[in-house]
S.K.: 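Submitted below is the structure of interest, expressed as structure tokens.
What you are looking at is a predicted structure, and each value in this text was computed from that prediction instead of being measured.
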Amino acid sequence: TTTDASDAAASCLADAGVPGSLDGTFATGAKALGTFSPNAAAIDSQGRVYVAGTSADCGFAAAAVVHRFNADGTHDNTFGGGDAAATGVCIHYDTVDTAYAIAIDPNGNAVVGGLSYNGSNRIHATVTRLTPTGSLDTTFSVTGMVDLNPTNQADNGFAAVQGLAFSGNKIVVTGSTEAIRPGVGTRHTGLVERLNADGSVDAAFASAGIYKDTGVVGYYGVAVDGSGDVTTVGATTAPPRQIVVRRLDANGAPLG
């Protein structure tokens, strides 16, 4: 007896219900999403799946894009409305944009972190908040969009948001002064910044709202506990590269 690929796939699905097996009730097949390339995902209180990344299908060289899927895995064509059924919700700051992180806040809004690049020397970290319907949340910095490096500081400006989490109604974002491929260039600084619910920088956190660490290439994944302490992970600048787990208290001061 021989077993082909389809038999193997059927065998996997036959074990539905076993921890770690494929969930055969989720979706009915692949959905074509054009040039969309995913980078991050989040789930809301209704079980809907948000996927963030980048795409060239929004009329720009590249845009940050968010797609939403229903709890059964079908594409949610109501998210963003109109053409979003095909392209997802497009977020555009400059010539090239991408999304690296996404999380759902306590109000059901999708908060998206990434970068904006003009193809030359303007590289800025960005944070965008979308309402549950997929529109820009205008209670967040008026436009729904925040540029974390508005003056394009070459040496220590925030170039890319790699992770985000919530501290109550505030947003903690992590990343690097590097962009596109953090850690490859020479601008080595890990960053942790906290924003208020309206998108303004929380100046009470660390030094004027931002913690900087020149000993790492960047800070990426992040979590915030019930007391507001922040835990984030990065890597050292000097080879051989070592993992760094950094804890900050609710005021942005290092712990331990």
S.K.: Atom CG of L195 and atom CZ of F166: how far apart are they, to the nearest 0.5 Å?
M.R.: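 The distance works out to 10.5 Å.
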S.K.: Closest heavy-atom contact between V161 and Y100?
M.R.: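 Answer, listing the atom of V161 first, then Y100: O-CB, 3.3 Å.
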S.K.: Measure across T95 and H92 and return the closest heavy-atom pair with its distance rounded to 0.1 Å.
M.R.: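 Answer, listing the atom of T95 first, then H92: N-CE1, 4.3 Å.
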S.K.: In Å and rounded to the nearest 0.5 Å, what is the CG to CZ distance from D249 to F205?
M.R.: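 Answer rounded to 0.5 Å: 8.0 Å.
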S.K.: Can you tell me how far CG of D57 sits from CZ of F36, rounded to the nearest 0.5 angstrom?
M.R.: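 F36 atom CZ to D57 atom CG measures 10.5 Å (nearest 0.5 Å).
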S.K.: Within this structure, what is the OG1-CG distance for the pair T126 and L115, rounded to the nearest 0.5 Å?
M.R.: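 Spacing of OG1 (T126) from CG (L115) equals 6.5 Å.
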S.K.: Taking A52's backbone N and O only, do any of them form a donor-acceptor pair with N39's side chain (distance below 3.5 Å, no angle check)?
M.R.: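 Not confirmed, N39 side chain does not pair with A52 backbone.
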S.K.: State, yes or no, whether a side-chain contact exists between D229 and L248 at a heavy-atom distance under 4.5 Å.
M.R.: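 The answer is no; the side chains never approach within 4.5 Å.
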S.K.: Tell me yes or no: between the side chains of D137 and T131, is some donor less than 3.5 Å from an acceptor?
M.R.: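 Not at all, the side chains of D137 and T131 share no donor-acceptor pair under 3.5 Å.
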S.K.: Closest approach of T214 and T237, non-hydrogen atoms and distance?
M.R.: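 Smallest interatomic distance, heavy atoms only, reads O-CG2, 3.8 Å.
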S.K.: Short question: side chain of T54, backbone of P38 - any donor-acceptor pair under 3.5 Å?
M.R.: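 No: the side chain of T54 does not pair with the backbone of P38.
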S.K.: At their closest point, which heavy atom of A40 faces which heavy atom of A101, and how far apart are they?
M.R.: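 Result for this residue pair: CB-CA, 3.8 Å.
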S.K.: Give, for atom OH of Y211 and atom CD of E193, the distance between the pair rounded to the nearest 0.5 Å.
M.R.: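 Interatomic distance, Y211 OH to E193 CD, rounded to 0.5 Å: 14.5 Å.
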S.K.: Using the rule given for side-chain contact (heavy atoms from CB on, under 4.5 Å), can you reason through D105 versus R129, listing the C-alpha separation, both sets of side-chain angles and the distance that settles it, and then say yes or no?
M.R.: CA-CA 9 Å; D105 74 11; R129 191 162 72 196; 3.7 Å; yes
S.K.: Is T74 close to F69 at the side-chain level, that is, under 4.5 Å between some pair of heavy atoms?
M.R.: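 SC-SC contact between F69 and T74 ruled out.
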S.K.: In Å and rounded to the nearest 0.5 Å, what is the SG to CZ distance from C90 to F60?
M.R.: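 Reported value, rounded in 0.5 Å steps: 7.5 Å.
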S.K.: Check whether any side-chain heavy atom of V230 lies under 4.5 Å from a side-chain heavy atom of V222, and answer yes or no.
M.R.: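 Side chain of V230 against side chain of V222, heavy atoms only: contact under 4.5 Å found.
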S.K.: Can you find a heavy atom in the side chain of L130 that is under 4.5 Å from one in the side chain of V66?
M.R.: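 In contact.
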S.K.: Is any side-chain heavy atom of T128 closer than 4.5 Å to one of F140?
M.R.: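 Answer no - side chains too far apart.
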S.K.: Could you check whether any side-chain heavy atom of Y93 comes within less than 4.5 Å of a side-chain heavy atom of Y117, counting everything from C-beta outward?
M.R.: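 No, too far: nothing below the 4.5 Å cut-off.
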S.K.: Considering all heavy atoms of both residues, which atom of A56 and which atom of T35 are nearest to each other, and what is their separation?
M.R.: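 That closest heavy-atom pairing would be N-OG1, 2.8 Å.
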